[in-house]
Amino acid sequence: MFRSVPANANFPQLELEILEFWKEHKIYEQSLERRAGRDKFVFYEGPPTANGMPHPGHCLTRAIKDLFPRYRTMRGYYCERKGGWDTHGLPVEVEVCKELGIHSKEEIEQYGVEPFIQKCQQSVWRYMQEWERLTERLGFWIHLDEAYVTYHQSYVESVWWSLKNLFDRDLLYQGHKIVWWWAQGGTALSAGEVGQGYREVADPSVYVKFPLLDEAGEKTGTSLLVWTTTPWTLPSNQFAAVHPELTYATVVDVESGEKLILAEDLVETVGQKAKRELTIESTCKGSALLGKRYVPPFDYYYKAEGDRRGKLNGGGEQHVAWRIVAADFVTIDSGSGVVHQAPAFGEVDYDVLVAEQSRFSDGEGPELINAVGPDGKFTSEAPDYEGRWVKEADKDITRELRERGILFHLDQYLHEYPFCWRAEEDPLIQYPRRSWFIRTTLFKDRMLENNSKINWLPEHIKDGRFGNFLEANVDWALSRERYWGTPLPIWVCDKTGKMEAIDQYDELLAKPGVTGTEVWAEAKKQRPDLPDDLRVHKPYIDAITYNSPFESGGRMTRVPEVIDCWYDSGAMPFAQWGYPHQGRKEFESQFPADFISEAIDQTRGWFYSQLAISTLLFGDEVEAEEGAYREFPHPFRNCIVLGLMLGEDGQKMSKSKRNYREPNEIFDKFGADALRWYFFANQPPWTSIRYSEPAIKDSIPEFLLRLWNVYSFFVIYANIDGFDPVGQAVPDGKSADVRHSLTYDDFANSKGHRPAAQRGELDRWVLSELNRTIAAVVERMDAYDNYGACQKINDFVDGLSNWYVRRSRDRFWASDKTSPEKLDAYWTLYECLLSTSKLVAPFVPFLSETLWQNLAGVFGDSALQSVHLCDYPASDTSAIDATLSERMRLLREIASLGRSARMNAKLKVRQPLAKVEVILADSAHQAWLEEHDDLLRDELNVKKIEYTKDAETYIEYQVQPNFKRVGPRVGKLMPAVKKALTSADGGELLKQLTANGKVVLQIGGETIEFDDEDLQVRLQAKAGWAAAQGPTTVVVLSIELTDELLREGHARDINRQIQDRRKQLDCAFTDRIEVGIVTDSEELRRAIEENAEYIKGETLADSIVFEALAGVEPLECEVAGHKVLIYIRVIR
RNA sequence: GGGCGUGUAGCUCAGUUGGUUAGAGCGCGUCGCUGAUAACGACGAGGUCCCAGAUUCGACUUCUGGCACGCCCA
């Protein structure tokens, strides 16, 4: 006996039971053990940060991450799933600062770096429990207790190894990075923080004259007209930039006679602004101006360096600065088309400097000029303004320019400018900071090559967002002037400035003359519970110094920076194993990944950091560890890039807007399977989806409940009829302790089990559909297309429920429990359900497990304990019958048309009809349909189905060209062809076609032949018939009703009333009853008498009498316009 | 301002290499079924496939240019 199935399934409750079962029997662990030694399917977990609450978007990521490993495991692969946590970085520091009520780095230093990072380490686990709970509840199988953690010593040392590798290969260097700088707080702000602080302000907009020099260095009398909104950057000017493709005009200021150069398109605008009359004297391309020198507005640097020339790489010399250079970012949207360049205070300006530097030989090019200190005040290099806050100095600088006669025009400019988000009055400035970089640009081509080998889903990521990002690669700014992060493992000699990288803590301790280890020892003494991993972090690591190998008496001290936490996560493919200090074997066997998935916001994050690090470390034929060079792609082969999940209102999910529900709420209300199915089955994973509770809820009736109902139906009747699949189910020769996946073969010797070929058409049809579905699902899932796979599954379950079960009900209800047809029905449905539960297991692991446990449970220890231990179903191609499939489709179409026609004629299905006539455009399957019309007769409740030959009575033929075939052949004649065919007599054309095998028409002066396949025939029902038409089929109802048919209809009405009453009385499915009917209508009485056997059979009535039954409450109802009293007594 | 993506029914979304009746679910309407039953099914209404051009015999589909929204970056 199967366990009886609750009528109303409580999915969330069932899921909790399954979770318990999995835990108790270690099903996940077993599923891995069963695949030990098999081919590997490698999965990488992109580490989430556990210091924020998980939201539904995280469910999506985790669901996809679960789906494919589960699928592959069932397909026979060994798929380890090691968890991981991202723990470093600014967000963690910000959280701790919030908690402490402090902001600036100064305040952190005051509070103490040591307690601060201790707090960071604890904060990282704040929402750990919620994350673990979500992971488990969603059914995401992953080893959380063996998760890698980015702050662990082994992980840090692994990252150190990779950095040492880069350092030793001269791929790590120090340079400047222009950052958004909060001068008052002495700290750089992250992009996110800067983004929060934009607001509209009015800044000065100044047009300044830069006098041009000739070859000899003499003033030419012409000036560049240069525009800027930050006058305070003018003392640090190094270049003036023009766009090489723009046209520039030399104009004469009519009033003063001065000559100026500016973009031609801006002459009028600038003239109007300054209220000057400017007449154009000549024009030239920007490219013609390149290299010309000018006198900058301030001579703080120019005085000494103005005449300096440097050697160019290609030979020759050039002045290092104060000349015109080309830049693509120059526009004519505002200003003068000539842009002042102060590389210290603008990222694009800085890039111009770097480009210039690269043209000169080493040490010969321009140095960065910076007259401003980190406090935002002018330094002694600009003595006139020394000590003044730059923004405040703008006015005086402008005044000085005016006094010196080089200010052409001044006005106000409204624009968006960033301010500090925690000190609203403080404007941010762009400012250069010493920073460490990785020379990723050297590897651009290698990274692109690597990228080209990756299978991106969707495909456009490869050459789109990700490819473009790689094309525009700049060196990776690695260092951060922060506290909680992987320390940059570089020690500097205080005598020589020479450096070395260290990749292991023990190696550091073994250095000669090492001191400073007591700082950690002391801390550990004070707080023995401190995790040892902290010793490789600030401030402890900073305390450790040792004797310089470069010069005696020198000491080696670590540089102060920590690294970008994206580097941490990108190092995960090897660092998760502590490679190469340990875990070599694991790394070798788990690299590269077959599959990763994250949302699209990781393009520049984890996707890039992994690819870059891997390409640099393992992608070039470097002299390195054994076999460092690897074929691309690595470190991942397939990557599903998920869309972002938006809130209910289509906006970004936000806690404060409350535009989404907590994941737990969804689990409690609808269950994890509903959520998972919603994710997998409703759209390709890369489309961004809007969080929608109704849509999640819909998964239940749409899919889960439909499958559940079939399952429930099966269990109810299998138990009633005592259907027992066990018998000799386990084939001889197989050891009793082998547990089975229960495939078709396992039943071959069972009682009442017939080979599919011997079963009826409907059974063979559904088995054919099943195997087609299996093949399609496997094909889709191997291509990482969960959406396509779900559609196939959904179609199958729909067919199983709404056609197979519906049309097989009679067989399940048949009284002869041993008839082969009845047993066929049970076996077929049983096999379908078992296969389906395996098929859907990766998608809805809970529901499938529930089904499996009950359906396979009757086998006890002969069957596998969990569906997740089974092999994924394999398609039996011999069971697939494409012709049958097509025929059944046609049959269903006819049934549908029949219902449609009934609807139009307002003839309910309970009323039997004498006949329908079916007209087929193509008679290929007619004979088969005729043989199987019992199904149709029953479905449509008609006595007879005829396939009409002489169709012209009911319909007209409309002939259309097969555009795909005929189009290319006739080209421009197509409209004429269409017209000729549709306006011709369709019947006539068809007769020609049948007689000659072709139709020949004169169209547009040409003779055109059409064969069978060139023409498409549509049927059109003529008016006046109760008919419905499909593209190739028409169904016509015969609507004359005889008295006999009417009485049969009445009997059916009575039947339905009795069934209704049974339900009200809460009858068991097998309860037998006595029926009494009281009515005045002779007609009804006759209807019942004539159909008594039918009613008795349907309603399990032992007797029907025409009188009241004593002691029974009657049901009063109306049938065919007559009042009827129905008495029902249950026989107990 | 740049890159990428999206725009299809009231809502949420599909739409395979261009082929002439553009689909699903929900919602709505009408009806049916009643031994899966607090389920289920059928049928129907509902569309300027964002707009404008171009290519083509033919464009939701390809191209160009707009518009709107989203993401990433300036």
Side-chain angles (χ1 to χ4, degrees), chain A residues 5 7-8 191 194-195 328-329 331 333 347-348 458 460-461 463-469 471-472 599-605 643-644 646 650-652 678 681-684 686-690 692 694-695 697-699 701-703 705-706 708-717 720 787-788 791 794-795 798 801-802 805-806 809 812-813 895-904 906-910 960-978 982 1016 1018 1028-1031 1052 1055-1060 1062-1063 1067-1071 1098-1100:
Chain A
V5 174
N8 44 348
V194 176
D328 289 340
F329 56 79
T331 68
D333 293 344
E347 209 175 334
V348 288
H460 61 73
I461 298 287
D463 296 321
R465 194 177 279 220
F466 196 74
N468 289 344
F469 177 61
E471 288 284 357
I600 192 164
D601 55 353
Q602 295 295 332
T603 311
R604 285 149 194 259
L644 287 173
L646 305 174
Q651 309 282 92
K652 217 172 180 171
Y678 162 67
N682 278 288
Q683 60 281 309
W686 45 83
T687 47
S688 64
I689 50 175
R690 194 181 284 201
S692 158
K697 192 182 171 186
D698 279 348
S699 312
E702 283 290 311
F703 180 70
L705 202 54
R706 186 179 285 160
W708 182 266
N709 282 335
V710 177
Y711 158 68
S712 157
F713 176 91
F714 170 81
V715 170
I716 289 170
Y717 293 104
I720 288 174
Y787 176 63
Q791 284 182 318
N794 199 41
D795 288 349
D798 183 62
S801 170
N802 288 327
V805 171
R806 201 152 71 100
R809 281 196 274 211
F812 289 104
W813 302 335
S896 173
L897 290 171
R899 282 190 297 265
S900 178
R902 266 186 181 272
M903 193 73 152
N904 296 335
K906 299 218 179 301
L907 286 164
K908 57 187 176 185
V909 180
R910 263 203 305 274
Q960 283 217 329
N962 177 345
F963 287 90
K964 210 166 182 170
R965 255 175 85 89
V966 180
R969 208 163 72 216
V970 306
K972 285 191 191 230
L973 279 176
M974 206 59 203
V977 169
K978 183 182 175 186
T982 46
Q1016 288 170 332
R1018 288 232 168 84
Q1029 67 203 20
R1052 283 190 159 226
N1055 182 62
R1056 167 177 156 30
Q1057 295 294 347
I1058 296 173
Q1059 297 288 29
D1060 214 31
R1062 277 185 67 110
K1063 189 177 134 201
C1067 286
F1069 298 136
T1070 47
D1071 284 345
E1098 289 291 308
T1099 62
L1100 301 190

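In what follows, chains are A, B, ... by sequence order, proteins preceding strands, each numbered from 1.
As rounded to whole Å, 12 Å separates atom C1' of B/A14 from atom CG of A/D795. Between A/F714 atom CZ and B/A36 atom P the separation is 15 Å, expressed in whole Å. To the nearest angstrom, P of B/G32 lies 12 Å from CD of A/Q1057. The separation between A/Y787 atom OH and B/A14 atom P is 6 Å, rounded to whole Å. Look at CD on A/Q683: it is 11 Å from P on B/G15, rounded to the nearest Å. Per the geometry, CD1 belonging to A/I716 stands 10 Å off C1' belonging to B/U37, to the nearest Å. Between A/N709 atom CG and B/A39 atom C1' the separation is 6 Å, expressed in whole Å. Spacing between atom CG of A/L897 and atom C1' of B/G44 amounts to 14 Å, rounded to whole angstrom units.
Within 4.0 Å (heavy atoms only), A/L644 reaches sugar-phosphate atoms of the nucleic acid but no base atom. Across all strands, A/V805 comes closer than 4.0 Å to base atoms (heavy-atom distances). Within 4.0 Å of A/V348, counting heavy atoms only, lies no atom of the nucleic acid at all. Within the 4.0 angstrom heavy-atom criterion, no nucleotide atom of any strand lies near A/P961. Within the nucleic acid shown, A/F466 has no heavy atom closer than 4.0 Å to any nucleic acid atom. Across all strands, A/R965 comes closer than 4.0 Å to no nucleic acid atom at all (heavy-atom distances).
Taking only side-chain nitrogens and oxygens, A/R902 never comes nearer than 4.0 Å to OP1 or OP2 of B/C43. Within the structure, a side-chain polar atom (N or O) of A/N802 is placed less than 4.0 Å from OP1 or OP2 of B/G41. For the OP1/OP2 pair of B/C43 and a distance below 4.0 Å, the side-chain nitrogens and oxygens of A/S896 include at least one atom meeting the criterion. For A/R910, a side-chain nitrogen or oxygen approaches OP1 or OP2 of B/C33 to under 4.0 Å.
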Close N or O pairs between protein and nucleotides 2-8 of chain B (under 3.5 Å):
residue: B/G3; atom: O3'; partner: A/N468; partner atom: ND2; Å: 3.3
residue: B/G3; atom: O2'; partner: A/N468; partner atom: ND2; Å: 2.9
residue: B/G3; atom: N2; partner: A/R465; partner atom: NH2; Å: 3.1
residue: B/C4; atom: O2; partner: A/R465; partner atom: NH2; Å: 3.1

Tabulate protein N/O versus nucleotide N/O from nucleotides 28-30 of chain B, keeping only pairs under 3.5 Å, one per line.
none

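Summarising the geometry of A/N468 relative to A/D463, their closest heavy-atom pair is OD1-O, 3.4 Å, with the distance given to 0.1 Å. Across all non-hydrogen atoms, the minimal contact from A/T982 to A/K978 is OG1-O, 2.7 Å. In this structure, A/G967 and A/M974 approach most closely via the heavy-atom pair CA-SD, 3.6 Å.
In this view, A/R899 and A/E939 satisfy the side chain to side chain donor-acceptor pair (under 3.5 Å) rule, not counting sequence neighbours. For A/R1062, the side chain to side chain donor-acceptor pair (under 3.5 Å) test picks out no residue, with sequence neighbours left out. Remark: A/Y787 engages no residue in a ring-ring contact (aromatic ring centres under 6.0 Å, His included) (not counting sequence neighbours). Applying the ring-ring contact (aromatic ring centres under 6.0 Å, His included) test to A/F466 and every residue at least two apart in sequence or in another chain returns A/W456. Judged as a side chain to side chain contact (heavy atoms under 4.5 Å, CB included), and not counting sequence neighbours, the contacts of A/N802 are A/R706, A/D798. When the ring-ring contact (aromatic ring centres under 6.0 Å, His included) test is applied to A/F469, the partners found at least two apart in sequence or on another chain are A/Y608. Residues that satisfy the salt bridge (Lys or Arg N to Asp or Glu O under 4.0 Å) test with A/R965, not counting sequence neighbours, are A/D1011, A/E1013, A/D1014. Residues satisfying the side chain to side chain donor-acceptor pair (under 3.5 Å) criterion with A/R1052, sequence neighbours excluded, are absent altogether. Not counting sequence neighbours, the partners of A/Y711 by the side chain to side chain donor-acceptor pair (under 3.5 Å) test are A/N854.
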Whether each nucleotide of nucleotides 21-26 of chain B has a protein heavy atom under 4.0 Å at its base (B), only at its sugar-phosphate (S) or at neither (-) is summarised, 5' to 3', as B---SS
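Rounded to the nearest Å, the gap between the C1' atom of B/C67 and that of B/A52 is 10 Å. If you take atom P in B/C60 and the same atom in B/A22, they sit 10 Å apart, rounded to whole Å. Atom name C1', nucleotides B/G27 and B/C69: the rounded distance is 25 Å, in whole Å. The P atoms of B/U21 and B/A39 are separated by 39 Å, rounded to the nearest whole Å. Nucleotides B/U56 and B/C11, compared at atom P, are 37 Å apart to the nearest Å. The P atoms of B/G19 and B/U62 are separated by 11 Å, rounded to the nearest whole Å. Nucleotides B/A68 and B/C51 have their P atoms positioned 15 Å apart, rounded to a whole Å. Remark: the separation of the C1' atoms in B/A24 and B/U8 is 13 Å, to the nearest Å.
Applying the 3.5 Å distance criterion, the base of B/A42 shares no donor-acceptor pair with the side chain of A/S900.
For B/U34, there is no paired base (Watson-Crick or G-U wobble, both distances below 3.5 Å). Across all strands shown, B/C11 is found opposite B/G25 as a Watson-Crick or G-U wobble partner, with both distances under 3.5 Å. As the counterpart of B/G1, B/C73 is assigned, both hydrogen-bonding distances of the Watson-Crick or G-U wobble pattern falling under 3.5 Å. Across all strands shown, B/C63 pairs with B/G53; the Watson-Crick or G-U wobble distances both stay below 3.5 Å. In a base pair of the Watson-Crick type (N1 to N3 plus N6-O4 or O6-N4) or a G-U wobble (N1-O2 and O6-N3), with each distance short of 3.5 Å, B/U20 is matched with no nucleotide. B/A68 and B/U6 make up a base pair, with Watson-Crick or G-U wobble contacts both under 3.5 Å.
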inquiry  = One pair to check against side chain to side chain contact (heavy atoms under 4.5 Å, CB included): A/S801 and A/F713. What are the steps and the verdict?
reply    = CA-CA 10 Å; A/S801 170; A/F713 176 91; over 6 Å; no
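At a threshold of 4.5 Å between non-hydrogen side-chain atoms, the residues A/N1055 and A/T1099 count as touching. Looking at heavy atoms from C-beta onward, A/V5 lies in side-chain contact with A/W708 at the 4.5 angstrom threshold.
Here the nucleotide nearest the side chain of A/R899, chosen from B/A42, B/G19, B/A36, is B/A42. Minimum atom distance to the side chain of A/P701 is reached by B/C40, of the listed B/A36, B/C40, B/A14. Side chain of A/P968, nearest nucleotide from B/A36, B/A14, B/G19: B/G19.
Residue A/R1062 is the one, among A/L973 and A/R1062, whose nearest nucleotide of RNA chain B lies closer to the 5' end (criterion: closest heavy atom). Mapping A/Q1016 and A/S712 onto RNA chain B by nearest heavy atom places A/Q1016 closer to the 5' end of the strand.
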